[in-house]
Amino acid sequence: MDRVALIYNPASGQYSARRKAAIEEVLGVLRGAGVEADAYVSDTMGSAEQYAKQSVREGRDAILACGGDGTVHAVLQTLVGTDTALGVIPLGTANALASNLGLIGSPAKCARKLVDAVPTLVPVGRIHFENGSGPESRYFLVAAGVGADALLMSRMEPGLKRKLGYALYMIEAFKIWATHSFPLFEVAFASNGHGPDSVAEVSQLLAVRVRSFGGVLNQFVPGATLHSDALHLLAFATRSRLDYFNFLMAALAGRHSFAKKIELVETATVDCRAINGDNLFVEADGEVLGHLPARMESVPDAVKLLVPRGAQP
């Protein structure tokens, strides 16, 4: 890398007061390695994408998204199909992508790993959805979902998220489990040319592109990897709180299995449609995007990702 842009969210994570000092440390590491580096503050809606577009026009070799998975998601939208690579400095509450890349520890330590990282072409997911004013689409690198997970993301109030961090996810997830009705919606999985599409009614659909969500949720979806051209989907064909609880406990213990009620599906595309008039949320990389109908697909060889040497994402 010769020329790099850092785009950071000053409000990301629990320790926003330390953010500027962390960015200065990262800049020091990069410049000390002979890399021309500049930092841009993403403090307004859409500014991360604007700075990313500016950096691509300037011919930057890479953009380092400094924040959580949401900051990475914002920068990703510009970099798909370009020669500018995407790097990650974890500074957010949720850092699933960084964890899969072995980027754990101080921002300066992660920056040192990125100096000689290998730009690797990887697929991304793409989700089409309705946002109230018409159809839209977004790319995603970590996961996208319809159902309880999207409802959970809609409840992540930014101020509380900065204060409580990961604990807020646990609190709101328990509230949803205890009170949510888990309404069903229809999904159609592409048969990939082998007969008709498979249709089912589910209460939760989650497309996962990473091996691990970090922490205790390791190998949450077997087969999922940043290198896979397929969608790896968890489909919950149940409204039972007990089924959800049992699956989560088994997943935490690393003993989860799949059957008709909670199925692991590998496909190229999946379409989701509301039934009974339920207007269900759609999310990607932890960002609430809109509502059904939605379509998820995989986009091969979509973005150059800076993969540290020795990482196996």
Side-chain angles (χ1 to χ4, degrees), residues 45-46 49 69-70 73-74 76-77 94 124-161 168-190 197-209 213 221 231-245 247-248 261-263 265 267-299:
M45 183 71 70
E49 293 183 41
D69 291 327
H73 177 82
L76 170 68
Q77 307 311 310
V124 299
R126 189 177 189 182
I127 183 166
H128 305 261
F129 57 92
E130 291 285 337
N131 72 351
S133 59
E136 283 194 23
S137 70
R138 301 282 284 185
Y139 299 105
F140 62 94
L141 265 171
V142 175
V146 181
D149 75 305
L151 177 62
L152 172 64
M153 300 309 170
S154 75
R155 294 187 178 184
M156 292 295 104
E157 196 279 319
L160 278 177
K161 188 176 174 183
L168 183 61
Y169 286 90
M170 299 297 101
I171 294 168
E172 291 300 334
F174 176 78
K175 289 180 181 178
I176 289 171
W177 175 80
T179 64
H180 190 46
S181 63
F182 298 99
L184 296 173
F185 57 96
E186 185 179 89
V187 294
F189 304 106
D197 291 352
S198 174
V199 179
E201 290 185 359
V202 304
S203 61
Q204 170 67 53
L205 186 73
L206 186 65
V208 178
R209 295 204 45 77
F213 283 104
V221 177
L231 292 176
H232 294 266
L233 303 160
L234 274 181
F236 287 67
T238 178
R239 299 180 65 185
S240 166
R241 289 187 179 86
L242 182 60
D243 289 338
Y244 271 84
F245 178 80
F247 177 81
L248 181 58
K261 284 185 177 180
I262 301 176
E263 190 175 3
V265 181
T267 186
T269 62
V270 60
D271 290 282
C272 309
R273 292 178 288 273
I275 56 178
N276 303 321
D278 293 308
N279 195 16
L280 302 179
F281 287 122
V282 170
E283 67 87 12
D285 293 340
E287 302 295 306
V288 179
L289 304 176
H291 56 83
L292 295 181
R295 177 182 178 87
M296 300 184 202
E297 61 191 9
S298 181
V299 183

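What you see is a predicted model; the values in this text were computed from it and never measured.
- Looking only at distances, a side-chain donor or acceptor of Q77 sits under 3.5 Å from a matching main-chain atom of Y139.
- From T267, atom OG1 reaches atom NE2 of H232 across 10.5 Å, with rounding to the nearest 0.5 Å.
- Put simply, the side chain of R273 never gets that close to the backbone of E186: no donor and acceptor are under 3.5 Å apart.
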(request) Mind running side chain to side chain contact (heavy atoms under 4.5 Å, CB included) on L234 and V208 for me, showing each step along the way? (result) CA-CA 8 Å; L234 274 181; V208 178; 5.6 Å; no
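- Within the 4.5 Å cutoff, side-chain heavy atoms of F140 are placed close to those of I127.
- Between F189 atom CZ and L231 atom CG the span is 10.0 Å, to the nearest 0.5 Å.
- Using modelled atom types, no side-chain atom of D285 and backbone atom of A144 make a donor-acceptor pair closer than 3.5 Å.
- For the residue pair V288 and A150, the shortest heavy atom distance occurs at CG2-O, 3.9 Å.
- Using modelled atom types, no side-chain atom of Q204 and backbone atom of F236 make a donor-acceptor pair closer than 3.5 Å.
- Each of E287, E49, E283 was compared with R138 under the salt bridge (charged side-chain N to carboxylate O under 4.0 Å, His left out) criterion, and only E49 meets it.
- Scanning for side chain to side chain contact (heavy atoms under 4.5 Å, CB included) contacts around S181 gives P183, R239, with sequence neighbours left out.
- For the atom pair CG of L152 and NZ of K175, the computed distance is 11.0 Å after rounding to the nearest 0.5 Å.
- One distance of note links CE of M296 with CG of L205; it measures 5.0 Å at 0.5 Å rounding.
- The local environment of CZ in F247 is crowded, with over 12 non-hydrogen atoms from other residues, nucleotides or ligands closer than 6.0 Å.
- With rounding to the nearest 0.5 Å, the separation of OG1 in T238 from CD1 in I262 is 6.5 Å.
- The ring-ring contact (aromatic ring centres under 6.0 Å, His included) search around F182 returns H180, Y244, not counting sequence neighbours.
- When every heavy atom of L289 is checked against every heavy atom of A284, the shortest pair comes out as CD1-CB, 3.7 Å.
- In this structure, I176 CD1 and R241 CZ are separated by 11.5 Å, a value rounded to the nearest 0.5 Å.
- Between V202 and F185, the closest side-chain pair of non-hydrogen atoms falls below 4.5 Å.
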